[in-house]
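Accompanying notes for the structure given below.
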Amino acid sequence: LQHGDRLSRSEFLQRYAAMPPNVKAERIDGMVYMPAAVSLRGRSNAPGSKMGGIPPLEQGDRLTRSQFLQRYAAMPPNVKAERIEGMVYMPAAAVSADFHGEAHIIIATWLGSYWAATPGVRAADNSTIRLDIDNDPQPDACLYILPTHGGSIKKSPEGYIIGAPDLIVEVAASSLSYDLGPKLNV
């Protein structure tokens with residue numbers, strides 16, 4: 001089992017069962033993703049390296065949507081990134097409960113409660129949104145009205161939200177200059 005392999009579900013399960021217990025892997029859309037810093041082939045997932053021939057996402061990259069999504073799919077699952085005005089932004093991995101975590105869970109609970117009580121709406125957490133040709137933000141949370149109830153967003157075959165949700169929420173205490181800078185204009 002190697003990062004980047006394309007396998008059927010049964011092939012993946014068979015190979016995964018034969019791996020050492022400390023090896024973590026998942027299969028998404030037929031492709032194997034291994035979040036370890038170094039895969040079994042020895043390909044580093046560190047910045048500046050290539051993963052199965054696909055360059056990794058790096059802060060400041062200028063990419064098209066297809067380049068961004070291809071590279072994002074090849075990154076370990078714990079990596080968060082978004083594309084604003086064609087530029088890749090990768091927020092710091094470490095955020096505190098005081099500056100982000102507690103506010104985030106309050107917002108998620110509020111939106112989840114609203115979703116549960118309101119027919120025709122959905123909420124999403126940390127989901128990439130295909131906003132326009134240059135922007136694929138990943139807000140902390142969003143709420144949208146379903147098209148069957150008058151909303152205008154669509155979903156791609158991969159499950160991405162296409163178009164502007166009715167409400168986007170960012171907890172900006174941990175990323176204030178970025179959220180009130182390039183991201184705010186989007």
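In this view, Glu11 and Leu7, Ser8 satisfy the side chain to side chain contact (heavy atoms under 4.5 Å, CB included) rule, not counting sequence neighbours. In terms of the side chain to side chain contact (heavy atoms under 4.5 Å, CB included) criterion, residue partners of Thr64 (sequence neighbours excluded) are, by chain and number, Ser66, Gln67. Qualifying salt bridge (Lys or Arg N to Asp or Glu O under 4.0 Å) partners for Arg62, counting only residues two or more places apart in sequence or in other chains: none. In this view, Arg122 satisfies the salt bridge (Lys or Arg N to Asp or Glu O under 4.0 Å) rule with no residue, not counting sequence neighbours. Applying the side-chain hydrogen bond (donor to acceptor under 3.5 Å, both in side chains) criterion to Arg65, with sequence neighbours excluded, gives Asp136. Legend: residues meeting side-chain hydrogen bond (donor to acceptor under 3.5 Å, both in side chains) with Asp134, ordered by chain and number and at least two apart, are absent. The side-chain hydrogen bond (donor to acceptor under 3.5 Å, both in side chains) test applied to Asp132 returns Asn135, not counting sequence neighbours. Legend: residues meeting side chain to side chain contact (heavy atoms under 4.5 Å, CB included) with Gln14, ordered by chain and number and at least two apart, are absent.
Atom CD in Glu82 sits 11.5 Å away from atom CG in Leu57 (nearest 0.5 Å). Atom-to-atom distance recorded for Arg71:CZ and Asp61:CG is 5.5 Å, nearest 0.5 angstrom. How far CD1 of Ile161 is from SG of Cys142: 4.0 Å, rounded to the nearest 0.5 Å. Note that the CG atom of Asp166 and the CD1 atom of Ile153 stand 8.5 Å from one another [nearest 0.5 Å]. Between the CG atom in Leu111 and the CG atom in Asp140 there is a gap of 10.5 Å [rounded to 0.5 Å].
Closest approach of Ala123 and Leu143 over heavy atoms only: CB-CD1, 4.1 Å. Across Pro165 and Gly163, no two heavy atoms sit closer than the pair CD-O, 3.3 Å. Annotation for Ser156 and Arg130: closest pair CB-NH1, 3.6 Å, computed over non-hydrogen atoms. In terms of heavy-atom proximity, Leu131 sits nearest to Pro137 at CB-CD, 4.0 Å. In terms of heavy-atom proximity, Glu170 sits nearest to Pro139 at OE2-CA, 2.9 Å. In terms of heavy-atom proximity, Arg83 sits nearest to Leu63 at NH1-O, 3.0 Å.
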- request: Dump the intermediate steps for side-chain contact (heavy atoms from CB on, under 4.5 Å) on Phe68 and Val88, then the final yes or no.
  value: CA-CA 8 Å; Phe68 171 73; Val88 174; 3.9 Å; yes
field: side-chain contact (heavy atoms from CB on, under 4.5 Å) evaluation trace for Lys80 with Gln138
entry: CA-CA 8 Å; Lys80 183 177 176 187; Gln138 188 175 344; 3.8 Å; yes
Expected list for residues 144-151: side-chain donor-acceptor pairs under 3.5 angstrom, two or more places apart:
{"from": "Tyr144", "atom 1": "OH", "to": "Lys155", "atom 2": "NZ", "distance (Å)": "3.3"}

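Annotation: ring-ring contact (aromatic ring centres under 6.0 Å, His included) contacts involving residues 103-125, sequence neighbours excluded, comprise His100-His104.
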